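Source: prediction; values computed, not measured. A note on names: the letters A, B, ... follow the listed sequences, proteins ahead of strands, and every chain is numbered from 1.
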Amino acid sequence: MPAASPPAVTRFAPSPTGHLHIGGARTALFNWALARRLGGHFLLRIEDTDRARDAGPESVVGILRGLEWLGIDWDEGPAPDLSADRDPRGVGPFRQSERRALYDDAARRLLEADLAYHAFETPDELAAMRDLAKREKRPFRYDRAALRIPRAERFARAESEPHVVRFRAPEEEVVVRDEVLGEVRLAPGEVDDFVIVKADGFPTYHLAVVVDDEAMGVTHVVRGQEHLINTPRHVLLQRALGCRTPIYAHLPLIVSPSGAKMSKRDKDRTVRRACRDAGLAEPPPGTVEPAVFARWLADKNRQMEQGALARLAAALGVTLPEIDVEDFRAAGYLPRVVANYIALLGFSPGGDVEKFDLAFLAERFDLARIGKTGARFDYKKLLAFNTDAIAAMSDEDFAERWRAWCLEFAPEVVRAAGAEAGVSPTWRVLAAALRPRSKTFADAARGAGFLVTPDDEIAYDRKAVDKALLKNDGEGLAVLRDLRRTLAGLTDWSAPGVGAALGAFAEGRGVGLGKVAQPLRVALTGSTVSPPIDATAALLGRDRCLARIDRCLAAVDRGRFDGS
RNA sequence: GGCCCCAUCGUCUAGUCAGGUCCAGGACGCCAGGUUUUCAUCCUGGAAACCGGGGUUCGAAUCCCCGUGGGGUCACCA
């Protein structure tokens, strides 16, 4: 029989913000990988002790979706569909708001043992004390004023007055052993009497995390380095409560290309800069309230609501940086590529290995191979990885996955290729033509634009027309006119059929294929860029091709290149 | 500012724990050629780093100290 308790338990403990931040995704991935590697359990716990910011049960869905998309599964925690929790060991529930009794009990024990005490300062009073400390340039630390109130009186007042509970931090050196950083020491007195129970009766993060990690048997705590400074507090609390201290590993931060910790604010930064560059004094109509816009533009620390920000970005023609897992999904990246890339941020399997999958991580992940230095998120490298992955896909696989993506993010492409009911022959041709030249699904969807645009709405790129049609006394134009006649008599409109016809045509004129393909390409798509010309023509079909050629010829004759 | 952490090409990193095989390897990016019906690929080549200063040692990217630089954190958020 196997041992009664699993050898290792790791956890990912997000607060329910609704979105899975890319940094959180990496934390989850490493915790998952460690549990798999150790043959233990990976659990998910929702840290929703902040009533003020509680966004409801739905806000965990976005996080669960993000994890599922990446291919990260969990042994314990909320079910993906939010039905009954997965709880094989009976350590749930997994939402901290449902575990109040545990925290209340821990706080009561600390209070009774005099290891914690009631304090009655209001938030305003504390803020004033903090301001004063700042003005006098000394570090603020709660002065234990409440401890001057006799103990019995504190308990009595707590019955009727608003209060918090503070941990009575012992003045001793704290040494934290960290698998990544080694030993981290904090001098006696550096940990202050932090709050463990808020005025609304809910525990703070510090109390909840210590109580739950103990109750859930968590053996390894792998989290971002921004938590490093919290760890001494947790260790002290563990001692006071008689809890075990888990093995800690603090991950290096992921920073944005600008160098600061990667956050949603990067989106605001990007759009704000674009507004300034464009000299925008008022928001474009239909984007956001002018008053909100003005306040946001003036205050670089202010964040705009996501929807409004997206509309504003679209109006300005700027692309928002991807920050949440959902952003990467929408941008058309492959989940395994995103997982692979973020695993490389702060971790390396050693040697020259850098392309790998989740199975590899589950087998080879090792805390000893985590670096200490902050890692800059390199969008270009991610894109290169995604390009490689798409290039390595089979046409069939790409056709199916790309269709699924388009269904959600670019339905017009699916309609244009008549693939509403499933992968159609046309879709197969389109996907095969686009795959080798696509870096992302979104990139491929853009490439399908020529098929989506109605025949009579093609806009002709001025430079393309000059180069492919008008240059050398209308050389290209002449080719196009002759070509139209040839094409009109062509019966085989498959890509090979068109290709053969074009090849013969070019040979007959004694010119390279380029001299034929480019004029045709401009006529069919309005630009010099499209999938291979034979596929482009085949996809459009005979009638639409001839119509587009005629329209192009007429437009050039009239000198109207915008298609009007 | 206090405290804490960190420091190899522009970026992610291998090498550091067990000092010599490293005039430092790979990847992304960049530059120069080449292939290609457009685009995107692809191929070949190239430039590019051990933060500075002291030690220890026969020998240091690797160990120690100082400096400098960067980051994190200082909530009744997590």
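- When the side-chain contact (heavy atoms from CB on, under 4.5 Å) test is applied to Arg481(A), the partners found at least two apart in sequence or on another chain are Leu477(A), Leu553(A), Asp557(A).
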Summarise protein proximity over nucleotides 23-28 of chain B in one line of letters, 5' to 3': B for base, S for sugar-phosphate only, - for none, counting protein heavy atoms closer than 4.0 Å.
--BBBB

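- With both ends at atom C1', the span from G72(B) to C76(B) equals 23 Å, rounded to whole Å.
- Distance, Leu181(A) CG to A7(B) C1': 13 Å, rounded to whole Å.
- The structure places CZ of Phe505(A) at 5.0 Å from OG1 of Thr486(A), a figure rounded to the nearest 0.5 Å.
- Annotation: the span from Phe94(A) atom CZ to Asp48(A) atom CG amounts to 13.5 Å, rounded to 0.5 Å.
- Rounded to whole Å, the separation between the C1' atoms of A49(B) and U44(B) comes to 24 Å.
- Across the protein-nucleic acid pair, Met262(A) atom CE and C12(B) atom C1' stand 14 Å apart, rounded to whole Å.
- Among pairs with a residue in residues 433-452 of chain A, those fulfilling side chain to side chain donor-acceptor pair (under 3.5 Å) read Asp395(A)-Arg435(A), at least two apart in sequence or across chains.
- Using a 4.0 Å heavy-atom criterion, one finds that Gly224(A) contacts no nucleic acid atom at all.
- Crowding of Arg95(A) atom CZ: a count of heavy atoms from other residues, nucleotides or ligands under 6.0 Å exceeding 12.
- The separation of G52(B) from A24(B), taken at their P atoms, amounts to 15 Å, rounded to a whole angstrom.
- When both distances must be under 3.5 Å, the Watson-Crick or G-U wobble mate of U16(B) does not exist.
- Across all strands shown, G29(B) forms no Watson-Crick or G-U wobble pair with both key distances under 3.5 Å.
- Less than 4.0 Å separates RNA chain B from at least one heavy atom of each of the following residues of residues 366-375 of chain A: Arg369(A), Lys372(A), Thr373(A), Gly374(A), Ala375(A).
- Qualifying side chain to side chain donor-acceptor pair (under 3.5 Å) partners for Arg157(A), counting only residues two or more places apart in sequence or in other chains: Glu161(A).
- Ala343(A) meets the side-chain contact (heavy atoms from CB on, under 4.5 Å) test with Leu29(A), Phe30(A), Phe356(A), Leu361(A); sequence neighbours excluded.
- Here the separation of C12(B) from A48(B), taken at their C1' atoms, is 15 Å to the nearest Å.
- Heavy-atom distances to RNA chain B give each of Gly346(A) and Gly182(A) a nearest nucleotide, and the one nearer the 5′ end belongs to Gly182(A).
- Within the nucleic acid shown, Leu186(A) comes within 4.0 Å of sugar-phosphate atoms alone, with no base atom in reach, counting heavy atoms only.
- The residue Arg185(A) sits close only to the backbone: its heavy atoms come under 4.0 Å of sugar-phosphate atoms, none of a base.
- Taking atom P on both nucleotides, U56(B) is separated from G2(B) by 32 Å, rounded to a whole Å.
- Nucleotide G59(B) forms no Watson-Crick or G-U wobble pair with any nucleotide shown, as no partner meets the under 3.5 Å limit on both distances.
- In terms of the salt bridge (charged side-chain N to carboxylate O under 4.0 Å, His left out) criterion, residue partners of Arg99(A) (sequence neighbours excluded) are, by chain and number, Asp212(A).
- Scanning all heavy atoms of the two residues, the minimum distance from Pro349(A) to Arg364(A) falls at O-NH2, 4.3 Å.
- Taking every heavy atom of both residues into account, Gly514(A) and Pro519(A) meet most closely at O-CD, 4.0 Å.
- Nucleotide C74(B) is matched to G1(B) when pairs are restricted to Watson-Crick or G-U wobble geometry with both distances under 3.5 angstrom.
- Ring centroid separation for the pair Phe328(A) and Phe377(A) comes in under the 6.0 Å cut-off.
- Distance check on atom P: C64(B) versus G26(B) gives 29 Å, rounded to whole Å.
- Base pairing annotation: C50(B) forms no Watson-Crick or G-U wobble pair, as no partner gives both donor-acceptor distances under 3.5 Å.
- When both distances must be under 3.5 Å, the Watson-Crick or G-U wobble mate of U41(B) does not exist.
- Pairing for C22(B) is absent, with no Watson-Crick or G-U wobble pair whose two atom distances lie under 3.5 Å.
- Rounding to the nearest 0.5 angstrom, the gap separating the OG1 atom in Thr27(A) from the CD1 atom in Ile254(A) is 7.0 Å.
- Sequence neighbours left out, the pairs with a member in residues 166-188 of chain A that pass ring-ring contact (aromatic ring centres under 6.0 Å, His included) are Phe167(A)-Phe194(A).
- Shown here are the side-chain contact (heavy atoms from CB on, under 4.5 Å) partners of Ala25(A), two or more places apart in sequence or in another chain: Leu20(A), Leu70(A), Val325(A), Ile342(A).
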For nucleotides 34-39 of chain B, which of its nitrogen or oxygen atoms have a protein nitrogen or oxygen under 3.5 Å away, and what is each distance?
residue, atom, partner, partner atom, Å
U37(B), O2, Arg521(A), NH2, 3.1
U38(B), O4', Gln518(A), OE1, 3.0
U38(B), O4', Gln518(A), NE2, 3.3
U38(B), O2', Thr528(A), O, 2.5
U38(B), N1, Arg521(A), NH2, 3.3
U38(B), O2, Arg521(A), NH1, 3.4
U38(B), O2, Thr528(A), O, 3.2
U38(B), O2, Ser530(A), N, 3.0
U38(B), O2, Ser530(A), O, 3.0
U38(B), N3, Arg521(A), NH1, 3.2
U38(B), N3, Ser530(A), O, 2.7
U38(B), O4, Arg437(A), NH2, 3.0
U38(B), O4, Pro532(A), N, 3.4
C39(B), O2, Arg437(A), NE, 3.1
C39(B), N3, Arg437(A), NE, 3.2
C39(B), N3, Arg437(A), NH2, 2.8
C39(B), N4, Arg437(A), NH2, 3.0

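- Atom CD in Glu183(A) sits about 14 Å away from atom P in C4(B), given to the nearest Å.
- Rounded to an integer number of Å, the gap from Ile254(A) CD1 to G71(B) P is 17 Å.
- Nucleotides U16(B) and A61(B) have their P atoms positioned 14 Å apart, rounded to a whole Å.
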Using a 4.0 Å cut-off on protein heavy atoms (strictly under), produce a 5'-to-3' string for nucleotides 72-78 of chain B with B for base contact, S for backbone-only sugar-phosphate contact, and - for none.
BS-BBBB

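- Atom P of C51(B) sits at a distance of 25 Å from the matching atom of G46(B), rounded to the whole Å.
- Base pairing analysis places A7(B) opposite U68(B); the two distances defining the Watson-Crick or G-U wobble pair are each below 3.5 Å.
- The main-chain N or O of Ala464(A) is found under 3.5 Å from a side-chain atom of Asp461(A) such that the two form a donor-acceptor pair.
- Taking Asn230(A) as the reference, Tyr205(A), His206(A), His227(A), Arg233(A), His234(A) meet the side-chain contact (heavy atoms from CB on, under 4.5 Å) condition, with sequence neighbours excluded.
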